[in-house]
Amino acid sequence: MKLKDKIAIVTGGAKGIGAEIAKEFAREGADVVIVYRNNDEAAAGVKAEIESLGRKCLSLKGDVADFACAKDIVNQATEFLGGIDVIVNNAGIVRDGALMRMSAANWSEVINCNLGGVFNITQAAIMAMMRKKRGKIVNLSSVSGITGVPGQTNYSASKAGIIGFTKALAKEVGRMGINVNAIAPGFIDTEMITAIPEKKREEIL
């Protein structure tokens with residue numbers, strides 16, 4: 001088991017990529033904290049599956065875009081499991097639309113969740129990792145943050161920002177034994193992708 005007795009926190013862990021990461025971590029021996037915003041049933045299903053593997057799981061409902069909430073999430077996770085070895089910053093939303101018609105709210109919501117959430121959770125946990133001189137942080141970017149996607153100026157900006165955040169933080173804390181990396185998935189068959197109009201999905205394919 002690659003992650004035997006490690007403690008991992010996975011944001012956006014109730015559905016899609018986050019849920020599969022959380023379950024795979026459990027299969028590899030980790031205890032997992034899943035953070036989700038609004039799908040109680042899905043979160044309960046992931047929690048039950050992780051526990052069926054003989055691992056501990058804490059399911060926390062909250063909004064990572066809220067700094068105080070993110071700090072509370074990290075505190076609860078630490079209290080329940082005794083610390084955090086791995087952070088997977090996966091939580092993300094889309095509010096697609098052409099820039100000329102994009103509302104300020106749709107811009108801010110995406111930036112605050114996708115990029116702000118990475119800052120909030122990581123900032124809340126980084127001092128404990130620095131004291132232990134170890135830790136792994138994995139940030140979910142996207143090909144949209146590398147190539148840009150029409151109709152996704154907000155999403156592409158947030159995911160490009162995650163890449164910059166990752167590079168900078170890696171240089172800050174790498175000498176302390178903390179690894180910070182980003183991965184940039186392509187289009188994965190999840191609920192987020194089904195929200196894209198069929199014509200646009202065909203173009204992507």
Side-chain angles (χ1 to χ4, degrees), residues 1-93 113-141 162 165-166 169-170 172-183 190:
M1 290 185 173
K2 297 176 183 176
L3 297 172
K4 183 170 174 55
D5 297 329
K6 297 296 184 183
I7 299 163
I9 183 168
V10 182
T11 69
K15 298 183 293 184
I17 294 173
E20 295 306 316
I21 289 172
K23 289 184 283 188
E24 187 63 24
F25 274 26
R27 292 185 195 106
E28 291 291 343
D31 294 325
V32 185
V33 178
I34 59 170
V35 181
Y36 70 102
R37 190 167 67 165
N38 53 25
N39 196 319
D40 297 331
E41 185 177 352
V46 175
K47 184 176 187 291
E49 190 166 341
I50 289 172
E51 290 175 339
S52 74
L53 295 167
R55 304 310 309 181
K56 294 178 184 176
C57 181
L58 177 64
S59 175
L60 294 176
K61 187 173 186 177
D63 186 359
V64 298
D66 182 300
F67 181 78
C69 182
K71 188 172 183 179
D72 185 56
I73 285 167
V74 170
N75 287 341
Q76 287 189 64
T78 301
E79 184 176 343
F80 181 71
L81 293 172
I84 298 170
D85 299 300
V86 184
I87 298 171
V88 179
N89 284 308
N90 167 74
I93 59 172
C113 177
N114 298 5
L115 182 55
V118 173
F119 166 80
N120 292 341
I121 290 288
T122 306
Q123 207 269 353
I126 197 70
M127 284 298 294
M129 286 185 169
M130 290 168 68
R131 283 193 293 269
K132 291 190 296 184
K133 297 191 182 306
R134 68 176 190 273
K136 310 288 185 185
I137 300 169
V138 181
N139 299 322
L140 269 288
S141 180
I162 286 171
F165 175 96
T166 300
L169 184 61
E172 281 187 28
V173 299
R175 59 191 170 83
M176 301 173 195
I178 301 168
N179 301 129
V180 190
N181 290 281
I183 57 175
T190 65

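Model, not experiment: these values are computed from the prediction.
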Query raised in the report: Salt bridge check: are R27 and E49 linked by an N-O gap of less than 4.0 Å?
Result: yes
Query raised in the report: Minimum heavy-atom separation for A22 to V46, with atom names?
Result: CB-CG1, 4.4 Å
Query - R55/D5 salt bridge by N-O under 4.0 Å criterion - result: yes
Query raised in the report: Rounded to the nearest 0.5 Å, how far does CG of N181 lie from CG of L169?
Result: 10.5 Å
Report summary line: For K132 and I84 the tightest heavy-atom approach is NZ-O, 3.3 Å
Query raised in the report: Considering only heavy atoms from C-beta outward, does the side chain of V35 approach that of V10 to under 4.5 Å?
Result: no
Query raised in the report: For I21 and F25, what are the C-alpha separation, side-chain angles and deciding distance, and is it a side chain to side chain contact (heavy atoms under 4.5 Å, CB included)?
Result: CA-CA 6 Å; I21 289 172; F25 274 26; 3.7 Å; yes
Query - F119 side, atom CZ; N139 side, atom CG - distance, nearest 0.5 Å - result: 13.0 Å
Report summary line: Of all heavy-atom pairs linking I87 and T122, the shortest is CD1-CA, 4.5 Å
Which donor-acceptor pairs under 3.5 Å do side chains of residues 56-68 form with protein atoms, sequence neighbours excluded?
{"from": "K61", "atom 1": "NZ", "to": "D40", "atom 2": "OD1", "distance (Å)": "3.2"}
{"from": "K61", "atom 1": "NZ", "to": "D40", "atom 2": "OD2", "distance (Å)": "3.4"}
{"from": "D63", "atom 1": "OD1", "to": "A65", "atom 2": "N", "distance (Å)": "3.0"}
{"from": "D66", "atom 1": "OD1", "to": "A68", "atom 2": "N", "distance (Å)": "3.0"}
{"from": "D66", "atom 1": "OD1", "to": "C69", "atom 2": "N", "distance (Å)": "2.8"}

Which pairs would a plain distance check flag for residues 72-82, meaning a side-chain donor or acceptor within less than 3.5 Å of a matching protein atom at least two apart in sequence or in another chain?
{"from": "D72", "atom 1": "OD2", "to": "Q76", "atom 2": "NE2", "distance (Å)": "2.7"}
{"from": "N75", "atom 1": "ND2", "to": "K71", "atom 2": "O", "distance (Å)": "3.4"}
{"from": "T78", "atom 1": "OG1", "to": "V74", "atom 2": "O", "distance (Å)": "2.8"}

Query raised in the report: Just how far is it from atom NZ of K4 to atom CG of D31, taken to the nearest 0.5 Å?
Result: 9.5 Å
Query raised in the report: Between V32 and A26, which heavy-atom pair has the shortest distance, and what is it?
Result: CG2-N, 4.2 Å
Report task. Tell me, yes or no, whether the heavy-atom count around K133 atom NZ, taken from other residues, nucleotides or ligands under 6.0 Å, exceeds 12. Result -> no
Query - Main-chain N/O of K2 paired with E28 side-chain donor or acceptor, under 3.5 Å - result: yes
**Report entry** Backbone N/O of T11 and side chain of N90: donor-acceptor pair under 3.5 Å
**Finding:** yes
Query - Approximate separation, where rounding is to 0.5 Å, of T166 OG1 and N89 CG - result: 8.5 Å
Report task. Give, for atom CD1 of I137 and atom CE of M129, the distance between the pair rounded to the nearest 0.5 Å. Result -> 5.0 Å
Query raised in the report: What pair of heavy atoms forms the shortest contact from K23 to L53, and how long is it?
Result: O-CD1, 4.0 Å
Query raised in the report: Checking side chain to side chain contact (heavy atoms under 4.5 Å, CB included) for the pair E172/I126: CA distance, chi angles, key distance, verdict?
Result: CA-CA 11 Å; E172 281 187 28; I126 197 70; over 6 Å; no
Query raised in the report: Which pair of heavy atoms, one from I7 and one from G83, lies closest together, and at what distance?
Result: CG2-O, 2.9 Å
